Amino acid sequence: MSQLTQEQISNLKQMLDERAQALQGEMHEEVRDRESFGDVASELADPGDASFADLTVDLQNAALTRDVTEMRAIEAALQRVEDKTYGDCIDCETAIPYERLEAQPTAERCMPCQEMYEKTHANAAGGSAARGATL
């Protein structure tokens, strides 16, 4: 594992656990809201109202997809903690600075490798939208 202290690892793990709990709550709420808007959208006779309800459902689907992606990143980071590889760049295996992990606990790469990854994968993965999931 990187040069992180047990206290730092514990702090970062707590941050990951807390964010996972918050995400679970958000996802449950989004699913509940999506179902209610879906019911409303199918019952509306006015095309404008139905279009707005459909748009709302689409936005909630996008939010749910974003949350699922973040939850997967959290689970992967927690697995790296268990595997004792957390804090090591997955590309060059150098230590990721604590300050970077504190800002982005799911970070898989050091900054130089992340920048290279973004340059080489931005077009293939949909540009800046894809970058947010891997930071």
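Given the structure is predicted, the values throughout are model-derived calculations rather than measurements.
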* To do: Check whether any side-chain heavy atom of E75 sits under 4.5 Å from a side-chain heavy atom of M71, and report yes or no.
  => yes
* Name all residues meeting the salt bridge (Lys or Arg N to Asp or Glu O under 4.0 Å) criterion together with E26; count only those two or more places apart in sequence or in a different chain, and write none if there are none. => R19
* Asked: Sequence neighbours excluded, which residues qualify as salt bridge (Lys or Arg N to Asp or Glu O under 4.0 Å) partners of D67?
  -> none
* Taking only residues two or more places apart in sequence, or in another chain, which ones meet E93 in a side chain to side chain donor-acceptor pair (under 3.5 Å)? -> none
* Does M116 have any side chain to side chain contact (heavy atoms under 4.5 Å, CB included) partners at least two apart in sequence or in another chain, and if so, which? -> T120
* To do: Answer yes or no: is there a side-chain heavy-atom contact under 4.5 Å between E115 and R109?
  => no
* Rounded to the nearest 0.5 Å, how far apart are CD of Q104 and CD of Q114? -> 8.5 Å
* Asked: Got a donor-acceptor contact below 3.5 angstrom from the Y86 side chain to the P105 backbone?
  -> yes
* To do: Scan for salt bridge (Lys or Arg N to Asp or Glu O under 4.0 Å) pairs involving residues 7-17, sequence neighbours excluded, and state none if there are none.
  => K13-D17
* To do: Using side chain to side chain contact (heavy atoms under 4.5 Å, CB included) as the criterion, list what pairs up with A76, not counting sequence neighbours.
  => R80
* Gap between atom OG1 of T94 and atom CD of Q3 - 0.5 Å precision -> 10.0 Å
* Listed partners of Q14 passing side chain to side chain donor-acceptor pair (under 3.5 Å), at least two apart -> E18
* Structure fact -> Between the CG atom in D88 and the SG atom in C110, the distance rounded to the nearest 0.5 Å is 10.5 Å
* Taking every non-hydrogen atom, the tightest pair across G87 and L101 -> CA-CD1, 3.8 Å
* Spacing of L78 atom CG and T106 atom OG1 [to the nearest 0.5 Å] -> 10.0 Å
* To do: Establish whether L23 and M15 are linked, either directly or via other cluster members, by ILVMFWY side-chain heavy-atom contacts under 4.5 Å.
  => yes
* Structure fact -> Rounded to the nearest 0.5 Å, the CE atom of M27 sits from the CD atom of E70 at a distance of 9.0 Å
* To do: Output the distance between atom CD (E102) and atom CD1 (I96), rounded to the nearest 0.5 Å.
  => 14.0 Å
* Structure fact -> By side chain to side chain contact (heavy atoms under 4.5 Å, CB included), Q8 pairs with (sequence neighbours left out) L4, T5, Y98
* State plainly whether one hydrophobic cluster holds both M111 and Y117, where clusters connect Ile, Leu, Val, Met, Phe, Trp and Tyr through side-chain heavy atoms under 4.5 angstrom apart. => no
